Amino acid sequence: MHSDTGDLYRGFAEQEARGNSAVYQDLAERVAEDRQVRALLDGLPAAKRQPNLLFGAVRHLGGPVTEGWPAFRAWVTAHWDEASATILERRTQTNESGRCATLLPLLATLPQPLALIEVGASAGLCLYPDRYRYRYLPADGAGGAPVAEFGAAASPVTLDCAVSGPVPLPATLQERLPEVVWRAGIDLDPLDVRAEEDVRWLESLVWPEQTHRLDRLRGAVRVARAEPPLLVRGDLNATIRELAAQVPTGATPVVFHSAVLAYLSPEAREEFATTVRELPGHWISNEAVSVLPAVARRLPRPAPPGSGLFALALDERPVAFTGPHGQSLDWFGDA
Ligand SMILES: C[S@@+](CC[C@H](N)C(=O)[O-])C[C@H]1O[C@@H](n2cnc3c(N)ncnc32)[C@H](O)[C@@H]1O
């Protein structure tokens, strides 16, 4: 008989790691079958048993994740006190600047200048859409010339995004990035781009084979270090109104988030939605398709099963499916 933890790791191996990380797929499958490692995980609170937390903690502590299951298992069982302390202290806070490539077309259509408020900001790396370079590529995979290429000329970060459908990337946008005059974020546990330990934690959360994401992360950290973001510690529902009240006059407030609301209960998500509807400005959400019911109800077509795609929406009106790390943007015909 399998425990819930076994199912959790088996599901992760199949639905998340397969095709993305052979290393994590193998480790997760082995954890699912290993009674002793499962028992260690079962001693943690349920929310702390996630594969990404376990694997991230082992990497953060210098344990072996790419050397195969016997080395991983031996290390985890011998160092469980250290590993569990890191798991209890940290959260899955993967900060993916690549998601800016999917937010940018919407941001550029709003009345400028913008005041950005990101809830669930992690280290705030998505607060710099005006500091990255963008390369929008045809989604057919044929390796054609970029559909559009523009951005901050000297940026250490270039974000590639495969586009399909009528994405609004007009010529004017190629000459004009959004003008951001104020940027701030909220997180339960904000990470500080100036703190080595926090940056190492962010790096530990990038899956082992995804070296392009590690390079991107390091570049985005350099961008943020040059102008560290204002990050407020707290629950998004408890702090959003107060932060929104600080937006400078003359700027369009934009509350946005990606890969965050899934961590909230349905009631807390509804509370957030009610609050944001009452705030001035606009609301951009980029979350797994079923996370916001008002967005899910309006989708013109279902996401392909098992695709892991997010739904991008402006003021609860869905406009596109997006790759979960910002790698694709599939604009809806009537959006
Ligand atoms: C997976 S990360 C995504 C970070 C960032 N939005 C991005 O797209 O790269 C989710 C973040 O949401 C934060 N978070 C989760 N629940 C929260 C809450 N109730 N209030 C504020 N932040 C929260 C976590 O601490 C974490 O940093």
Side-chain angles (χ1 to χ4, degrees), residues 12 16 47-48 50-53 55-56 87-104 106-107 116-129 131-132 157 159 161 183-193 195 198-199 201-207 210 213-214 216-221 223-224 229-244 254-273 275-276 283-288 291-292 308-313 322-327 329:
F12 174 86
E16 297 187 51
K48 291 287 182 178
Q50 303 162 51
N52 275 319
L53 258 184
F55 300 150
I87 289 170
L88 290 171
E89 181 197 338
R90 295 282 182 179
R91 302 168 182 280
T92 45
Q93 295 195 272
T94 309
N95 202 181
E96 183 46 78
S97 60
R99 293 178 179 133
C100 285
T102 61
L103 304 177
L104 187 99
L106 278 184
L107 292 173
L116 300 181
I117 301 178
E118 184 183 14
V119 299
S122 182
L125 302 181
C126 293
L127 281 165
Y128 300 87
R131 299 284 194 264
Y132 302 136
V157 177
L159 304 176
C161 180
R183 56 192 104 219
I186 296 169
D187 203 283
L188 285 174
D189 187 13
L191 296 176
D192 184 345
V193 287
D198 282 0
V199 173
W201 177 241
L202 285 173
E203 292 182 359
S204 302
L205 289 168
V206 177
W207 293 8
Q210 300 183 337
R213 291 186 61 209
L214 190 59
R216 188 156 75 200
L217 170 65
R218 290 178 174 155
V221 166
V223 167
L230 165 63
L231 294 180
V232 173
R233 180 179 297 273
D235 174 75
L236 51 87
N237 276 322
T239 50
I240 181 71
R241 281 184 195 279
E242 198 182 325
L243 191 60
V254 184
V255 174
F256 75 99
H257 48 89
S258 57
V260 172
L261 295 193
Y263 292 93
L264 275 64
S265 66
E267 297 74 27
R269 287 177 214 167
E270 195 45 50
E271 180 187 344
F272 176 71
T275 305
V276 183
W283 173 16
I284 295 177
S285 57
N286 185 40
E287 299 284 348
V291 165
L292 280 171
L309 290 175
F310 286 4
L312 177 70
T322 66
H325 295 139
Q327 66 273 44
L329 182 57

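Only a predicted model underlies this, so the values are computations on that prediction, with no experimental measurement involved. Ligands are counted one by one from 1 in listed order, and the atoms in each one are counted from 1 as well.
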Return a table of donor-acceptor pairs under 3.5 angstrom between the side chains of residues 254-264 and protein atoms on other chains or two or more places apart.
unit_1: His257; atom_1: ND1; unit_2: Glu287; atom_2: OE2; d: 2.8
unit_1: His257; atom_1: NE2; unit_2: Trp283; atom_2: NE1; d: 2.8
unit_1: Tyr263; atom_1: OH; unit_2: Thr92; atom_2: OG1; d: 3.0

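Each of Asp198, Asn95, Leu125 was evaluated against Val193; a single residue qualifies, Leu125, per the side chain to side chain contact (heavy atoms under 4.5 Å, CB included) test.
Looking at Leu107 and Leu103, their side chains come closer than 4.5 Å, going by heavy atoms from C-beta outward. Counting heavy atoms from C-beta on, the side chains of Leu127 and Leu230 never come closer than 4.5 Å.
Near ligand 1, Arg91, Thr92, Gln93, Thr94, Asn95, Glu96, Arg99, Glu118, Gly120, Ser122, Cys126, Asp187, Leu188, Gly234, Asp235, Leu236, Ser258, Ala259, Val260, Tyr263, Leu264 each place a heavy atom less than 4.0 angstrom from the ligand.
Between Arg216 and Glu96 a salt bridge is recorded (basic side-chain N to carboxylate O distance below 4.0 Å).
Taken to the nearest 0.5 Å, the CG atom of Leu191 stands 10.0 Å off from the CZ atom of Arg91.
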